[in-house]
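Within every chain, numbering begins at 1; the chains are lettered A, B, ... in the order of the sequence lines, protein sequences first and strands thereafter.
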Amino acid sequence: MKLATWNVNSLTVRLPQVLDWLASNPVDVLVLQELKLTDDKFPAQAFAQAGYAAHCFGQKTYNGVALLSRTPATEVVRNIPGFADDMARVISAEVSGVRVIGGYFPNGQAPGSDKFEYKMNWLKGLRHWVRAELVSHPKLVLMGDFNITFDDADVWDPVGLKDTIHCTEEERYHLRALISLGLHDALRLFPQPEKSYSWWDYRDFGFRRNHGLRIDHILVSNALKPLVTSCAIDRTPRKNERPSDHAPVLVELL
DNA sequence: ATGCCTCAGCTCCTGAGA
């Protein structure tokens, strides 16, 4: 079973690239973030023609997530039960016996801002929900755009970006707290190239200079960890014309 | 430089992203 996550930064703009990528990478499950479109504009038909059932949780202008799967997804849940949120950030479902959660974590803008406080509250709400989900669904994958780096290895300039957004100790505390629930950073279960990032700034030739961050993650539960056979970031779509600023991340389970 | 690039929208500028 192959699963992947990709922040597409507007599905309207990126749909052809997503379809091309799925043709080359026929994963079983793909979660998408930053659709930036409403449900009525979601291209369900195009995904159906590509062999995918799709569930959308859209929103105008910002946010918006979707879950695509080759076999039908059941028990679809939108956002975090028990955490009131105006923004469309989470979609989860059961696929082939695995609980899949796709998330677009808040950006947070800057430490000390209202948006940062919202990010902290959102992370707490997510954690409490995922803790319960792990009890009822031991085989669980939590993946998406976390907007948090684990440590300096995920940052192209750890000195210059120390304590800036995505790199603060408060954010990393919440990420470690998620891991402590019984989850594992799938990418680091395997050797990776130095400076493996999943996002590069559009400005200043960020991708060409590999000035990036690893903020898109796939976390697998204790029960799934022994089944993980590979995990990788696919940089190739970042070389497209008009690319998303994020690259997809893939994991393979036995 | 509170910028640089990209996207959406109350679209020819602004807010937000990361």
Side-chain angles (χ1 to χ4, degrees), chain A residues 5-18 21 31-43 56-66 85-90 102-120 122-123 126 143-175 187 195-218 233 235 237-249:
Chain A
T5 176
W6 193 4
N7 178 325
V8 292
N9 184 16
S10 170
L11 186 57
T12 305
V13 174
R14 234 65 69 187
L15 178 63
Q17 295 184 40
V18 175
W21 189 83
V31 290
L32 301 172
Q33 301 90 39
E34 281 207 89
L35 307 183
K36 298 185 175 181
L37 51 71
T38 45
D39 289 352
D40 57 303
K41 299 206 168 65
F42 183 75
C56 177
F57 183 28
Q59 186 178 327
K60 189 178 176 181
T61 312
Y62 303 114
N63 312 309
V65 289
D85 196 350
D86 292 335
M87 304 189 196
R89 295 189 173 280
V90 183
Y104 173 50
F105 291 38
N107 172 294
Q109 204 162 59
S113 68
D114 290 349
K115 288 174 181 175
F116 191 85
E117 187 180 354
Y118 162 71
K119 183 176 193 173
M120 297 303 107
W122 189 95
L123 287 163
L126 176 75
M143 58 183 172
D145 176 0
F146 284 56
N147 271 319
I148 307 175
T149 56
F150 275 94
D151 52 38
D152 287 353
D154 291 342
V155 183
W156 71 274
D157 180 10
V159 174
L161 295 175
K162 184 175 168 56
D163 297 329
T164 62
I165 197 66
H166 313 119
C167 304
T168 68
E169 183 51 37
E170 282 175 270
E171 293 166 278
R172 288 173 175 175
Y173 160 79
H174 282 284
L175 188 48
L187 199 86
K195 304 181 189 298
S196 287
Y197 307 128
S198 66
W199 171 87
W200 301 262
D201 203 308
Y202 283 124
R203 299 169 293 188
D204 281 340
F205 304 101
F207 182 68
R208 184 173 64 68
R209 300 158 81 180
N210 199 27
H211 288 183
L213 303 174
R214 187 172 74 104
I215 51 176
D216 300 87
H217 305 297
I218 299 179
I233 298 167
R235 299 163 55 103
R238 193 63 174 75
K239 300 169 187 168
N240 292 341
E241 265 185 62
R242 292 186 82 188
S244 169
D245 41 358
H246 295 255
V249 186

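Counting non-hydrogen atoms under 4.0 angstrom, A:Asn63 reaches nothing in the nucleic acid. Within 4.0 Å (heavy atoms only), A:Lys119 reaches no atom of the nucleic acid at all. Within the 4.0 angstrom heavy-atom criterion, only backbone atoms of the sugar-phosphate kind lie near A:Ile215; the bases stay farther away. Counting non-hydrogen atoms under 4.0 angstrom, A:Asp201 reaches nothing in the nucleic acid.
By the salt bridge (Lys or Arg N to Asp or Glu O under 4.0 Å) test, A:Arg203 pairs with A:Asp201, sequence neighbours left out. Residues meeting the salt bridge (Lys or Arg N to Asp or Glu O under 4.0 Å) test with A:Asp152, sequence neighbours left out: A:Arg172. Applying the salt bridge (Lys or Arg N to Asp or Glu O under 4.0 Å) criterion to A:Glu169, with sequence neighbours excluded, gives A:Arg176. Applying the salt bridge (Lys or Arg N to Asp or Glu O under 4.0 Å) rule to A:Asp145 yields no partners; only residues at least two apart in sequence or on another chain are considered. Remark: A:Asp151 engages A:Arg188 in a side chain to side chain donor-acceptor pair (under 3.5 Å) (not counting sequence neighbours).
A:Gln59 has its CD atom 19 Å from the P atom of B:dC7, to the nearest Å. Distance CH2 (A:Trp199) to C1' (B:dT6): 12 Å, rounded to an integer number of Å.
Taking the side chain of A:Lys60 as heavy atoms from C-beta on, and the options B:dC10, B:dG17, B:dA18, the nearest nucleotide is B:dC10.
The side chain of A:Arg242 places no N or O atom within less than 4.0 Å of a non-bridging phosphate oxygen (OP1 or OP2) of B:dC5. For the pair A:Asn7 and B:dA18, the criterion of a side-chain N or O lying under 4.0 Å from OP1 or OP2 is met. For B:dA18, one of the phosphate oxygens OP1 or OP2 lies less than 4.0 angstrom from a side-chain nitrogen or oxygen of A:Tyr104. Taking 4.0 angstrom as the limit, A:Gln109 places a side-chain polar atom (N or O) nearer than this to OP1 or OP2 of B:dG17. Phosphate proximity of B:dC7 to A:Arg14: present, with a side-chain N or O under 4.0 Å from OP1 or OP2. Side-chain N/O atoms of A:Asn9 include none lying less than 4.0 angstrom from OP1 or OP2 on B:dC7. Of the side-chain N and O atoms in A:Asn107, one or more sit less than 4.0 angstrom from OP1 or OP2 of B:dA18. Residue A:Lys36 places no side-chain N or O under 4.0 Å from the OP1 or OP2 atom of B:dG9. The side chain of A:His246 contributes no N or O atom lying less than 4.0 Å from OP1 or OP2 of B:dG17.
The 5' end of DNA chain B is approached more closely, in terms of each residue's nearest nucleotide, by A:Tyr202 than by the other of A:Ile165 and A:Tyr202. Nucleotides of DNA chain B nearest to A:Ser10 and A:Asp245 differ in position, and the one nearer the 5' end is that of A:Ser10.
Between A:Trp156 and A:Trp200, the distance separating the two ring centers is not shorter than 6.0 angstrom.
Annotation: B:dA1 and B:dC12 have their C1' atoms spaced 23 Å apart (nearest Å).
Between A:Trp199 and A:His166, the two ring planes are tilted [angle within 30° to 60°].
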Check the interface with nucleotides 11-14 of chain B: list each N/O to N/O pair with the protein under 3.5 Å, or write none.
none

